[in-house]
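Okay, structure first, notes after.
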Amino acid sequence: MSVEFRRASPEDARLLAETRRRAWDTTYRGIYPDAMIDEYDLEAHTARDAARIADPANAVFLAMDGAECVGYFTYGPYTYGRYKDFALCLNSLYFLPGYRRMGLGRRAFAQLTEFCRERGIEKFFCGCNCHNLPAQAFYRAMGGVVGAVHGGHADRAEDQMYFEFQTVKKPAQPKVSEGRKV
């Protein structure tokens, strides 16, 4: 199995929307209302993805195992407005079952971090559903720090938390040598 990341083209909008539907079914079943997943509007999501792909401010990547799309990630301006003073957001990061815990998320993070460093962007953030515990563990493992939590909604799909990431490597601290007593 050799998964490659490739930038999405306008022709990929439907493939991206179909992959999202599959990812949501396994990620959010039991968190989001069943109707939100079962009545997923493929046409509306395809149109939104086409617009996102066409917008040069966004980076949209598909994870391809041969001809099969097994995940995707997107980054750019925050899709739903602003978050603090952050200019860049990891708007989505999903892999289908069977492709999780294989290092693909780490590869996506490495790509995003390199993108930020090349442009002098010192930090980025991402949102995460408060009930998506595997995603929370992953973001913490990637160095994310929780910056805000908005939970307690009647609709669990609305419970969100925000992870903040630093892209600047911190300088190594000089080692303090202990003096020897003679």
Side-chain angles (χ1 to χ4, degrees), residues 1-83 86-100 102 104-116 119 121 124-132 134-136 138-139 142 144 155-163 165:
M1 167 174 7
S2 176
V3 176
E4 299 296 325
F5 296 155
R6 74 166 169 80
R7 191 147 198 152
S9 67
E11 297 79 28
D12 292 320
R14 187 170 190 88
L15 177 61
L16 177 56
E18 289 170 346
T19 304
R20 178 179 303 104
R21 178 173 49 195
R22 292 171 60 200
W24 279 15
D25 189 46
T26 58
T27 302
Y28 296 120
R29 185 70 66 181
I31 296 174
Y32 288 3
D34 284 343
M36 189 173 180
I37 297 167
D38 295 339
E39 298 167 17
Y40 181 92
D41 187 339
L42 183 60
E43 298 310 318
H45 281 274
T46 298
R48 270 187 244 136
D49 287 329
R52 182 175 292 135
I53 291 167
D55 183 346
N58 293 307
V60 180
F61 290 88
L62 303 178
M64 303 297 297
D65 185 1
E68 182 184 7
C69 185
V70 298
Y72 62 94
F73 60 100
T74 67
Y75 52 89
Y78 185 37
T79 303
Y80 302 104
R82 294 205 43 83
Y83 173 75
F86 286 71
L88 190 73
C89 178
L90 173 63
N91 283 302
S92 55
L93 175 66
Y94 293 97
F95 297 101
L96 298 178
Y99 291 88
R100 297 174 185 159
M102 295 178 48
L104 297 174
R106 287 186 182 280
R107 282 179 43 202
F109 255 76
Q111 179 177 318
L112 173 53
T113 301
E114 184 61 26
F115 172 88
C116 290
R119 288 158 183 78
I121 299 170
F124 67 93
F125 78 102
C126 72
C128 178
N129 184 280
C130 294
H131 308 285
N132 187 348
Q136 288 181 44
F138 173 75
Y139 293 136
M142 294 294 95
D155 179 353
R156 291 168 33 120
E158 295 178 19
D159 292 346
Q160 296 292 309
M161 59 195 312
Y162 299 90
F163 285 89
F165 302 88

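Donor-acceptor pairing under 3.5 Å is lacking for the side chains of Thr79 and Arg48. Side-chain contact of Ser9 with Asp12: a donor-acceptor pair under 3.5 Å is present, judged by distance alone. Under 3.5 Å, the side chains of Asn129 and Tyr28 contain no donor-acceptor pair of N or O atoms.
Taken to the nearest 0.5 Å, the CD atom of Glu18 stands 9.5 Å off from the SG atom of Cys69. Considering CZ of Arg119 and CD of Glu114, their distance stands at 9.0 Å, rounded to 0.5 Å. To the nearest 0.5 Å, atom CD1 of residue Ile31 and atom CE of residue Met36 are 11.0 Å apart.
Cys128 and Ala135 make their closest contact through SG-CB, 3.7 Å (heavy atoms, listed as atom of the first residue, atom of the second, distance). Pairing each heavy atom of Gln136 with each of Met161, the nearest pair is CD-SD, 3.3 Å. The shortest heavy-atom contact between Tyr139 and Gly127 is CE1-O, 4.4 Å. Across every non-hydrogen atom of Asp155 and Pro33, the tightest pair is OD1-CD, 3.6 Å. Taking each heavy atom of Met102 and Gly98 in turn, the nearest pair found is SD-O, 3.2 Å. Across all non-hydrogen atoms, the minimal contact from Gly76 to Asn58 is CA-OD1, 4.0 Å.
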**Asked** Can Asp38 and Arg29 be said to form a side chain to side chain contact (heavy atoms under 4.5 Å, CB included), step by step?
**Response** CA-CA 10 Å; Asp38 295 339; Arg29 185 70 66 181; 2.9 Å; yes
**Asked** side chain to side chain contact (heavy atoms under 4.5 Å, CB included) between Arg100 and Thr26: does it pass, once the steps are laid out?
**Response** CA-CA 12 Å; Arg100 297 174 185 159; Thr26 58; 2.8 Å; yes
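Residues forming a ring-ring contact (aromatic ring centres under 6.0 Å, His included) with Phe124 (at least two apart in sequence, or on another chain): Phe109, Phe165. Under the ring-ring contact (aromatic ring centres under 6.0 Å, His included) criterion, Tyr40 pairs with Trp24, His45, sequence neighbours left out. Partners of Glu43 according to the side-chain contact (heavy atoms from CB on, under 4.5 Å) rule, which considers only residues two or more places apart in sequence or in another chain, are Arg14, Asp41.
For the pairing with Leu112, the side-chain contact (heavy atoms from CB on, under 4.5 Å) check across Phe73, Phe61, Tyr75 returns one residue only, Tyr75.
Looking only at side-chain heavy atoms (C-beta outward), Asn132 and Gln160 stay at 4.5 Å or farther from each other. With a 4.5 Å cut-off on side-chain heavy atoms, Arg20 and Tyr94 do not count as touching. Between Leu88 and Phe115 there is a side-chain heavy-atom pair separated by less than 4.5 Å.
Atom CZ of Arg21 is surrounded by more than 12 heavy atoms from other residues, nucleotides or ligands within 6.0 Å.
Using a 4.0 Å cut-off between a side-chain N of Lys or Arg and a carboxylate O of Asp or Glu, Arg52 and Asp49 qualify as a salt bridge.
Residues Tyr78 and Tyr83 keep their aromatic ring centres 6.0 Å or farther apart.
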